[in-house]
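As a basis for the values below, the full set of heavy atoms in this structure was taken, side chains included, without hydrogen atoms, waters or symmetry mates. Bear in mind that the values here come from a model prediction, so they are computed numbers and not experimental data. Lettering of chains follows the sequences in order, A, B, ..., and the numbering in each one begins at 1.
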Protein chains: 2
Amino acid sequence: MSLISVGTMAFDAIETPFGKTDRIIGGSATYVAYAASNFVKPILQVSIVGGDFPKEEMAELKRRGVQLEGVEVVKDKKSFFWSGKYHLDMNTRDTLQTDLNVLLDFNPVLPESYQGAEFLMLGNLDPVIQRKVIEQLKQRPKLIVMDTMNFWMEAAMPELEKTLKLVDVLMINDSEARQLSAQFSLVKAAKAILKMGPKYLIIKKGEHGALLFYGDQVFFAPALPLEEVFDPTGAGDTFAGGFVGHLARSGDISFDNMKRGIIVGSAMASYCVEKFGPERLKEITKEDIEIRIQQFVDLVNFDIELV
Amino acid sequence: MSLISVGTMAFDAIETPFGKTDRIIGGSATYVAYAASNFVKPILQVSIVGGDFPKEEMAELKRRGVQLEGVEVVKDKKSFFWSGKYHLDMNTRDTLQTDLNVLLDFNPVLPESYQGAEFLMLGNLDPVIQRKVIEQLKQRPKLIVMDTMNFWMEAAMPELEKTLKLVDVLMINDSEARQLSAQFSLVKAAKAILKMGPKYLIIKKGEHGALLFYGDQVFFAPALPLEEVFDPTGAGDTFAGGFVGHLARSGDISFDNMKRGIIVGSAMASYCVEKFGPERLKEITKEDIEIRIQQFVDLVNFDIELV
């Protein structure tokens, strides 16, 4: 099965209580690709970068089965840049700088070779752009997964609502779910959001795990309790990459398999936060992933006889 | 198996975003008794109340198998009173009033008939009082579970440290675990606290579930995602009552059975928050408890083949 992944490929500069980086590789589609490429090939990447984006990074992605035909390179411009600083709790951060650069011109044109892909991952972007990608597909994918953020709820709600009607799985964090639904209770928020289009809703709660809602069913997966969270940047996109990568590998989009996808995504995210940027994701092997998935099994596994 | 439960029996006045009560029944040992009495009899209660504590409440507890010989009644004084107001997120609250009243004179004397109990639940109290109860037991119980709070870490740390050395299971919330250990990471906090005496540590994270640490092992149970949390008062004590009640019923203090105890405690707590005070706990049946435990099984249950 093939997977189209649409999103940013960018530079980040990150400051956490544990350290500081200059410009390192970032971007939602970068993290999705590094996570998903452990499970599925090809990944059909759709993004835009400037002439400053390192050729070695492109080569490394290619080596992992990521096709770059849909990545526009604007030679005389700069890649998207974000810098931020995390607070001591690592759950909240301040944006220090956002330079959209090439992202201002992002108008993705799907290469003909991408047609027929069964899975589509729409990273957080302007909902108009997300919709344009869907509309270019001659055959609807088996599953469309979408990420978004509070910014679009404030700046482009009518457009966001249109795009939501076209997707199968929405993936947002808890505060975004509350904002989108105007409900404080996440159960009520989920009910409201599932009426807006998506059949499945994943609410990410960072260190507090993730919830999957489908009809009246709900599944919960914790985050792995870690000794250190070094840098949370990209954890959500890595989670998305592991989730959709697992689904695309198996071709099974049942609720039960989505549960497994959430565990796989959580395992990948737990590696992502161990080092700056996607560095740790580049190091890990299939065995590492298996070990961590087993830790999730042990973490929540119990056997109960009803009382 | 019998269970000694030591703690307050009191009045609370509660204000939440959803409603307000005048003086209603509260107190840690009250919640523990209502929860644990679904699983084990007798519960050997140790507490102190004033002449104002309702006889009907005493009768109701007795009917549920709670022995009250160890509950001192000071006729001409008032019961402990607490009032508080919850913020919109229901996770934080302000204390409006604390009248210690009879609690100032609390110096529990264990009735002879309580000797030989296999389980001891020490509700949040002055660690000196908690230790005095342990010291009165001629035979060490099979399991001693202890609750405490930040107040004692600030006001009586040396006494708290002494008591911690005598217990098997410590049960505190996440911010208390951080305070007690001076570690932000809960994994590091747990490692530090397990060196202070307890063999098992339960960290309660409210709506984000609970963690059980034992040696290098860790188990996580989520809280049930609820549409409404009406009043969180007593949820922690109800969790403790369900946990220790389950262990006392089975007599099994293995790590695996503690996992089950955490699920039972979480199920009981999920009922507690549905109404003011212990009201909902008085209504539920064994069938209700079974239904909710099954919901926990469904919530976290997944079946994964390693990738």
Going through the distances and angles, do A:Glu227 and B:Lys191 end up as a side-chain contact (heavy atoms from CB on, under 4.5 Å)? CA-CA 10 Å; A:Glu227 284 213 20; B:Lys191 282 190 181 172; 2.3 Å; yes

Pair A:Phe220-B:Phe220, ring pair (Phe, Tyr, Trp, His ring centres under 6.0 Å): steps then yes or no
CA-CA 11 Å; A:Phe220 174 83; B:Phe220 173 83; 5.6 Å; yes

* To do: Given side-chain contact (heavy atoms from CB on, under 4.5 Å), test B:Lys188 with A:Glu228 step by step and report yes or no.
  => CA-CA 9 Å; B:Lys188 287 187 177 176; A:Glu228 310 248 6; 2.9 Å; yes

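Here the side chains of A:Leu299 and B:Val218 are in contact, with some heavy-atom distance below 4.5 Å.
Heavy-atom distances place the side chain of A:Phe184, and not its backbone, under 4.5 Å from chain B. If you measure heavy-atom distances from A:Leu212 to chain B, you find no contacts under 4.5 Å at all. Proximity to chain B is absent for every atom of A:Gln295, based on heavy atoms less than 4.5 angstrom apart. Proximity to chain B (any heavy atom under 4.5 Å) is shown, for A:Arg292, by neither the backbone nor the side chain. In this structure, chain B has no heavy atom under 4.5 Å from any part of A:Leu186. Proximity to chain B is limited to the side chain of A:Leu211, based on heavy atoms less than 4.5 angstrom apart.
Side-chain atoms of A:Arg260 never come within 3.5 Å of backbone atoms of B:Phe302 as a donor-acceptor pair (strictly under, hydrogens ignored).
Chosen from A:Met90, A:Gln183, A:Lys259, the residue pairing most often with chain B at heavy-atom distances under 4.5 Å is A:Lys259. Heavy-atom pairs under 4.5 Å with chain A were tallied for B:Leu88, B:Asp89, B:Asp298; the largest tally goes to B:Asp89.
Dense packing is recorded around CG of B:Asp94, with more than 12 heavy atoms of other residues, nucleotides or ligands lying under 6.0 Å away. Residue B:Lys282 places its NZ atom among more than 12 non-hydrogen atoms of other residues, nucleotides or ligands, all under 6.0 Å distant. With a 6.0 Å radius and a threshold of 12 heavy atoms from other residues, nucleotides or ligands, B:Tyr214 has its OH atom at or below the threshold. The environment of CD in B:Glu287 is sparse: at most 12 heavy-atom neighbours from other residues, nucleotides or ligands sit within 6.0 Å.
In this structure, the separation between CG on A:Asn257 and CG on B:Asp303 is 10.0 Å, given to the nearest 0.5 Å.
Of all non-hydrogen atoms in A:Lys205 and B:Glu207, the two that sit nearest each other are NZ-O, 4.2 Å.
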